[in-house]
Every structure is written in structure tokens, then in C-alpha cells.
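Here is how names work: the chains are called A, B, and so on, in the same order as the sequence lines, proteins then strands, and each is numbered from 1. Treat the numbers as computed from the prediction; the structure is a model and nothing was measured.
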Number of protein chains: 2
Amino acid sequence: MQSYTEENYLKVIYHLSEISHPVQTNAIADRIQTKAASVTDMIKKLSEKELVHYVKYQGVTLTEKGKLTAINIVRKHRLWEVFLVDKLNFKWDEVHEVAEELEHIQSNLLIERLDEFLDYPKVDPHGDPIPDKNGNFAEMTFVKLSKLKNGDKGNITGVSEHSSPFLKHLEKLGLTLGKRVEVIDVVEFDGSVELLLEQEKLNISREVAKHILITKN
Amino acid sequence: MQSYTEENYLKVIYHLSEISHPVQTNAIADRIQTKAASVTDMIKKLSEKELVHYVKYQGVTLTEKGKLTAINIVRKHRLWEVFLVDKLNFKWDEVHEVAEELEHIQSNLLIERLDEFLDYPKVDPHGDPIPDKNGNFAEMTFVKLSKLKNGDKGNITGVSEHSSPFLKHLEKLGLTLGKRVEVIDVVEFDGSVELLLEQEKLNISREVAKHILITKN
DNA sequence: TTCTTAATTTAGACAAATCTAAAAATAATT
DNA sequence: AATTATTTTTAGATTTGTCTAAATTAAGAA
């Protein structure tokens, strides 16, 4: 069993691993609001417990054991977020801090029952995927935004057009990678799409919609 | 704000205060699974924070501030227990440990929303009362067990007959102070009462039932 | 009252997680 | 390649909560 603090380190290393490999000491220090020296100390400890691979001055990567632990914390965090939004009517931007605490509650039974109670959600309120109890993420597939129907929700995960004018246009609209959108209406007349992006309405042309890739969920 | 550990001490002192006043160092040490020396240290700290009144060798009592803090933790503990039993189908004897962790989650919004979601329960699954957010407990009144109807539940809070044979009889049946009972059936023929006590059926005569006091809830 | 026992407190040490300041290693720049 | 800058690590100190062992106080018994 790991301490609250160890769990936080593992979780942060897991998230940072998606950006850079291996993860640097300073990157962890920034995220955890601590100093590089403290990170080094903790990394040594995690390394002794075989939760991370660590080579001096080279940064860390999670071991299989560490990764599974981290994914389990992510699972708990996201399930609690669903609970807070779906059952307790929290807004999607109010849930993070509370979930940061709830994710450390130790009880497998609790989490399995919560999962069942929430009807086995596949994504959290931000659209991030919820791994199952074995640490597996459901396979996700890209769909063109132009293929979505009214009420469909998903996250922007890529584009199929890489020209600078197009990307600048998206940037200006706020349609950046990872953002979550909901289709409010597909206008029959011109095929343009009415979206909800961070509580704001937005209309984009069918041409634009055709080149935005969405992971539906 | 208090630490996890400080909260636990306050909670334990609160519960022990109902038995003896002031609370002794050793009593706390037993409950918290620690040593008397550690308790002394912590008590000094709580005393400096004005959460307890402390006189050397005389034990501790909670200050008003300490009491309110403790009651708030009890409130959270009991609300979570209701959640676990009512929503996640935990059995009443499986909830304690998990609630011991959940009670320390810091978020007033969370607790108010949980309270609402559970429809403002007045008692936890063991029949213990849940204080409101201001620390007030709902007024409770005694009723003779013989006055209860089918399906009524409550806790044994006293007797109106203090003879030794009677008390020994109750002891043998397991009908001790604080125990929770549910009336399954009042037999019309002789007025005897069929009870559920810790998942076990039990029949007691009307004479016995007349002298057991219940706080209904 | 005096002796004995039990409860409590002090003193000093320890583990976990953190910090500051200085040293060492790596990366970037000229 | 040499120098500078950045990153990382070490060494030693600090805080929180705990411990053991010894000293002190209170309570009970003779």
C-alpha cells in the first residue's frame, strides 16, 4: 500500500508521461507544488519500491506496477467526478479539487459499487476516459465532427487538415486539442454545425467540421 | 483547518466525553491505537489551538470550538454511512472503516449536496442521529417498545424496570443499551413482539416489551 | 500516614515528507 | 572545446506525529 503522497507522485508522473518520456524532476516539482530536492527524495523511495525506473539525472518512468497503481487512482478520480456531476449536481469545473481528495479513499468494494451505481460510465465530465478495474481503457475511435448528430458529445483529438490558416482559425475559435464539444444542431440548409464549447454557443461551417476529428463519448 | 490526525483526536474525545468527563489520556490512547505519551503531545497541540481544555493529569474536555469541529466530523461520517448503505448497498456492518476515511474529505458543498441527495436523513444505518450543519441534533423521545408498530425501528436507550432478574434476562437476549431493533410483528394473540436484532429474529413477551425504552427513528 | 500501584507527563529519539543552500552533472552557447 | 546556464542531486535542518524509557503525579491499600 502506498501513502497519500506517494499516490500523488505516481499520478502526476503518469500524467506527465503522456507529454514527455522520461519525466523530469522539475516538471514533477511544478505540478506537485514542491521543490526539486523533495522530488528527488521521493523518487528514490518509489524506485526502491519498484514503482518507477530511475536513473540519476535522467528522469523517471513508471514500472508496470507503478503504472497500474497510477491508473487505478485516475479511475477513482474520474468515477468520483461523474458522481459529483451526475448525482450531486456539481458543475464540471467544480469537481476537480474534491475528486483530488476522494481519489485516495482505500476501498475496492467502494469503487466497484460506485461504478455500478453510476452505470459503468466510460468517460468523466470532461470527456476523459475511465479505465476499468484492470487498468484498460475502452478503445476509442475518431469520427469527423461533421458526422455527429444533435446531442452527440466528444473531445477534439485531432485534425485532418494541417495548413497554418486552418489551425489558426481553430485556435481563434477556441477549438483546440482536448476541448470538449457538444453538437446542438446541424443546420439543414448549409450543413454548418452549432456547437456548445465551454458553455458558449458557436457555429462552424461544414468545411471546418469535416476536418476536425472527435472521439465520441 | 485541522489535520487528519487532529480531526481524529477531536472525534474520539467527543465520543469518549459521552462516557466520562473529563476524558483520560489512556482512554484516548486505547481508542486511537497509540501510546499515552503521543496523546499527551497531541492534547497540548489541541489545547494551544483552543480546541480542548487541558489541565495536566486531569484529562481533557472539548471547548465549544472543538465540539463543533467534532460534531461536524460525526455528521460527515454518518451521512457517508447512509450513502454507502442506501445507495451503494453496503451492509450496515461494512460501512464503518470506509466512512472513517470519507469523514475527512474537506468540502462543505459536498456535504450539503450529499445531505440533499440522501433526502436529509435524521439517523445513520446504526440508528445514531445525524446532526445538522449547525451541530444541532434533532430532539428524540423515548417510547415503550410495546407501543411500536410493524416496521418501526429504533435504538434501546433505557429501561423502566431496574431489577436484577429483568436486566439479566435482557442481557441474555442481547437486548443491551444502544442496540438497534426493528419490529417485525406484534402478535395479536398475546401482544408479544417479534423483533429483528442484528439480523436475527427474536420474540419477547409483552411484559418485557413494556419495560424497554426505544428512541424511534 | 506511608507504601504501592496506576496513570500521566517529560525527555530524547525516530520516520515521513519537506525545505534551503551548496555541490555535481547535464545541456546550451559562444 | 570551453564557458555559461540549467537541472538535478546531496547534505543537513525542520515539521508532524509517533515511540521508548524514565520521571512525576495521583490514587488506592495497608
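The number of heavy-atom neighbours closer than 6.0 Å to NZ of Lys144(B), taken from other residues, nucleotides and ligands shown, is 12 or below.
For the pair Glu94(B) (side chain) and Lys91(B) (backbone), a donor-acceptor distance under 3.5 Å is present. Between the Arg113(A) side chain and the Leu88(B) main chain, a donor and an acceptor come within less than 3.5 Å of each other. Arg78(B) places no side-chain N or O within 3.5 Å of a backbone atom of Asp128(B) that could act as its donor or acceptor partner. Without hydrogens or angle criteria, Ser47(A) side chain to Ile43(A) main chain gives no donor-acceptor distance under 3.5 Å.
Between the CE atom of Met42(B) and the P atom of dT9(C) there is a distance of 15 Å, given to the nearest Å. Summarising the geometry, the separation between CG on Asp41(B) and P on dT18(D) is reported as 9 Å, rounded to the nearest angstrom. One atom, NZ of Lys44(A), and another, P of dA16(C), lie 15 Å apart when rounded to the nearest Å. Atoms CD (Gln33(B)) and C1' (dC19(D)) sit 15 Å apart, rounded to a whole Å. The distance from atom CD of Glu6(B) to atom P of dT16(D) is 9 Å, rounded to the nearest whole Å. When the C1' atom of dT16(D) is taken as reference, atom OH of Tyr4(B) falls 15 Å away, rounded to whole Å. Distance Lys35(B) NZ to dA21(D) P: 10 Å, rounded to the nearest Å. Between Ile43(B) atom CD1 and dA7(C) atom P there is a gap of 15 Å when expressed in whole angstrom units.
As judged by a 4.0 angstrom heavy-atom cut-off over every strand, Ser38(B) is placed among the base-contacting residues.
Residue Thr5(A) has no polar side-chain atom (N or O) positioned under 4.0 Å from OP1 or OP2 of dA16(C).
Against DNA chain D, the stretch residues 7-18 of chain A makes no heavy-atom approach under 4.0 Å.
Aromatic ring pairs are classed by plane angle as parallel below 30°, tilted from 30° to 60° and perpendicular above 60°; the pair Phe83(B) and Trp80(A) is tilted. The aromatic rings of His77(B) and His96(B) sit tilted relative to each other, their planes meeting at an angle between 30° and 60°.
In terms of heavy atoms, Asn155(B) sits closest to Gly178(B) at ND2-O, 3.4 Å.
The residues Lys76(A) and Glu81(A) are annotated as not salt-bridged, no charged nitrogen and carboxylate oxygen being separated by less than 4.0 angstrom.
Mapping Val39(B) and Thr34(A) onto DNA chain C by nearest heavy atom places Val39(B) at the nucleotide closer to the 5' end.
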Annotated protein contacts, base or backbone, on nucleotides 3-8 of chain D with a non-hydrogen cut-off under 4.0 Å, one of B, S, - each: ----SB
